[in-house]
Undergrad: 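To start, I am sharing the structure in question, which I have written as structure tokens.
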Amino acid sequence: MSIEQSSPNPSAPKPRVALVFGGRSSEHAISVSTAGSVLRAIDRDKYDVLPIGITHEGRWALTSDEPARMAITDGRLPDVAHVAEAVDGQVALPVSPGSREVLLSEPGSAPKALGEVDVVFPLLHGPWGEDGTLQGLLELSGVPYVGNGVLASAAGMDKEFAKRILASHGLGVGHYTVVRPRDWETEQGRAAVRERVAELGLPVFVKPCRAGSSIGITKVRDLAELDAAIEEARRHDPKLIIEAGVSGREIECGVLEFEDGPRASVPAEVLVGEGFDFYDFEAKYIDSSEVRIPAELTDAEVAEIRRQAVAAFEAFGCEGLARVDFFLLEDGSWMINEINTMPGFTPISAYPKMWEASGVSYAELIDRLLQSALRRSTGLR
């Protein structure tokens, strides 16, 4: 794949990047790990960086610039609270399009100006960050940001509406049923859910509808296990999606927006480690199941998955980046499992690895995303 990029102007001032990570979702630790990897790789000769973490409680905190403290180490998950510079300091982004000044407020002190930011790199995963909420705040503030806008972020986060969009564009999705909060409030509603699941056939996967990193997912092989699986998923999201199990290979493909439009990376195949029934949180981030890059596919299969990945990207109106996860079924057809509008950038994440195999290094990938955001205006476009 031919990759061309213009050289920076050495006399121009360095853009200031606010790296925002952590957040209130159950994917907090993965976001912190992602931010550590980006901090380690970003070109400091080209960008000034302001790391800002959001705690589990939602406090925006100025954090130390120490990537080593933000890694998943020996099964220990990182936390914004461990790298925050002050226990009770509060960082505030601009609240109007007329200013890009970031302020730090501490009890008993006047707000301290931290300087202006030119672009925000939102590295949050899950609700209250990846789902369009932070993107909406940045749109109101008029601050450019990396990645997808409000609609693409919100639709990609909600697995029900993601499947509706994909299907409306002729892209294959599996059979599923949605369990809304009211469906599980009465015994009559619960009975109806059990009937719908029985019609799907077993096994099924019970998932929080608006979460990622395989958190809260249970594979159900017997209807007797269903209620417990639903309660587990409801700990992460009151709205659930229950998907019929399929037999096939799990293949991923990255999409990156270039000056001439989106392009797809070489695909990767997920190979789940021994002792794991599916690609759950522990298999992904603790056991580190293997991701084979490039996936062993025919030229025709590679061409098709790339075509569908770009088609999915455009169906959502994505900007910047996305990862599209597929199943290659036994009959040779493709089915999209989901689209991820802010894929992980941890050391073991498939997205940057797929682009590295496609000729775009980790540092160049970050640079391309930032430059794309700096070129793009906020607001209607």
Side-chain angles (χ1 to χ4, degrees), residues 1-5 34 38 121-123 125 130-132 135 145-159 161-163 165-173 212 250-270 291-295 297 299 301-328 334-346 349-373 375-376 381:
M1 180 181 292
S2 175
I3 306 295
E4 297 179 358
Q5 190 167 22
T34 283
V38 173
F121 199 155
L123 292 167
H125 303 307
E130 187 184 350
D131 59 347
Q135 290 75 15
Y145 58 93
V146 169
N148 293 281
V150 175
L151 178 60
S153 299
M157 185 88 265
D158 190 307
K159 293 177 174 60
F161 290 99
K163 289 181 187 296
I165 290 171
L166 292 167
S168 73
H169 283 259
L171 298 164
V173 297
E250 190 167 351
I251 313 290
E252 301 179 344
C253 191
V255 183
L256 179 63
E257 191 173 22
F258 287 75
E259 291 81 356
D260 60 351
R263 303 184 201 172
S265 71
V266 301
E269 179 169 10
V270 175
V291 178
R292 178 185 291 154
I293 304 172
L297 300 168
D299 290 346
E301 288 170 337
V302 170
E304 180 60 16
I305 191 175
R306 280 178 159 172
R307 183 194 71 79
Q308 290 201 29
V310 170
F313 186 93
E314 294 185 322
F316 282 79
C318 287
E319 297 170 292
L321 75 167
R323 193 193 71 234
V324 188
D325 300 343
F326 294 81
F327 289 112
L328 176 55
W334 292 95
M335 188 186 91
I336 296 181
N337 183 31
E338 64 182 36
I339 185 169
N340 192 313
T341 58
M342 181 47 73
F345 277 79
T346 71
S349 295
Y351 185 83
K353 286 186 172 183
M354 287 188 286
W355 277 110
E356 186 171 19
S358 304
V360 182
S361 70
Y362 196 114
E364 185 185 349
L365 178 61
I366 294 168
D367 183 45
R368 282 190 169 277
L369 290 168
L370 289 169
Q371 290 299 316
S372 175
R375 289 192 302 269
R376 189 172 66 234
R381 52 189 181 273

Undergrad: Does the Arg376 side chain pair with the main chain of Tyr145, one donor and one acceptor, at a distance under 3.5 Å?
TA: yes
Undergrad: Any non-hydrogen side-chain atom of Arg381 less than 4.5 Å from a side-chain atom of Glu319?
TA: yes
Undergrad: Less than 4.5 Å apart, side chain to side chain, heavy atoms only: is that true for Pro267 and Leu297?
TA: yes
Undergrad: Do you know which two heavy atoms are closest between Gly359 and Glu364, and how far apart they sit?
TA: O-OE1, 4.0 Å
Undergrad: When you measure from the side chain of Asn148 to the backbone N and O of Ser153, does any donor-acceptor pair fall under 3.5 Å?
TA: no
Undergrad: Is the closest side-chain heavy-atom distance between Ile251 and Ile305 below 4.5 Å?
TA: yes
Undergrad: Pro343 and Asn340: which non-hydrogen atoms are nearest, and at how many Å?
TA: N-OD1, 3.2 Å
Undergrad: Taking the side chain as every heavy atom from C-beta outward, state whether Phe121 and Ile366 have any pair of such atoms under 4.5 Å apart.
TA: yes
Undergrad: Could you tell me if the side chain of Gln308 sits less than 4.5 Å from the side chain of Val324, heavy atoms only?
TA: no
Undergrad: Holding to ring pair (Phe, Tyr, Trp, His ring centres under 6.0 Å), I want the full list of residues that pass it with Phe326, two or more places apart in sequence or in another chain.
TA: Trp334
Undergrad: Roughly how far, to the nearest 0.5 Å, is CE of Met354 from CG of Leu365?
TA: 10.5 Å
Undergrad: To the nearest 0.5 Å, what is the distance between CZ (Arg375) and CG (Leu370)?
TA: 10.5 Å
Undergrad: Heavy-atom distance under 4.5 Å between the side chains of Thr341 and Met157, does that happen here?
TA: no
Undergrad: For Ser168 and Ile165, indicate whether the former's side chain and the latter's backbone hold a donor-acceptor pair under 3.5 Å.
TA: yes
Undergrad: Charged N to carboxylate O under 4.0 angstrom, Lys353 versus Glu356?
TA: no
Undergrad: Measuring from Arg323:CZ to Phe313:CZ, what's the distance to the nearest 0.5 Å?
TA: 14.0 Å
Undergrad: Please confirm whether the ring centroid of Phe345 lies under 6.0 Å from the ring centroid of Tyr351.
TA: yes
Undergrad: Mind running side-chain contact (heavy atoms from CB on, under 4.5 Å) on Ile293 and Val266 for me, showing each step along the way?
TA: CA-CA 8 Å; Ile293 304 172; Val266 301; 4.1 Å; yes
Undergrad: With sequence neighbours excluded, what pairs up with Ala162 under the side chain to side chain contact (heavy atoms under 4.5 Å, CB included) test?
TA: Phe316
Undergrad: List for me each residue that meets side chain to side chain contact (heavy atoms under 4.5 Å, CB included) alongside Lys163, sequence neighbours excluded, and say none if there are none.
TA: Val173, Tyr176, Ile241, Glu243
Undergrad: Find the distance between NE2 (His125) and CD (Glu130) and round it off to the nearest 0.5 Å.
TA: 6.5 Å
Undergrad: Minimum heavy-atom separation for Ala350 to Glu252, with atom names?
TA: CB-OE1, 3.1 Å
Undergrad: Roughly how far, to the nearest 0.5 Å, is the CZ atom of Phe258 from the OG atom of Ser372?
TA: 10.5 Å
Undergrad: What distance separates Cys318 SG from Leu256 CG, expressed to the nearest 0.5 Å?
TA: 12.0 Å
Undergrad: Evaluate the side-chain proximity of Arg263 to Val310: yes if any heavy-atom separation is below 4.5 Å, no if none is.
TA: no
Undergrad: Taking all atoms of both residues into account, what is the closest heavy-atom pair of Met342 and Leu123, and its distance?
TA: SD-CD2, 4.4 Å
Undergrad: Which atom pair, heavy atoms only, marks the closest approach of Glu259 to Arg368?
TA: OE1-NH1, 3.6 Å
Undergrad: Can you confirm whether Asp299 is buried at CG, in the sense that more than 12 heavy atoms of other residues, nucleotides or ligands lie under 6.0 Å from that atom?
TA: no
Undergrad: Taking Glu257 for its side chain and Gly320 for its backbone only, find out whether a donor-acceptor pair lies under 3.5 Å.
TA: yes
Undergrad: Do the side chain of Ser265 and the main chain of Gly254 share a donor and acceptor less than 3.5 angstrom apart?
TA: yes
Undergrad: What is the minimum heavy-atom distance between Ala268 and Val291, and which atoms define it?
TA: CB-CG1, 3.6 Å
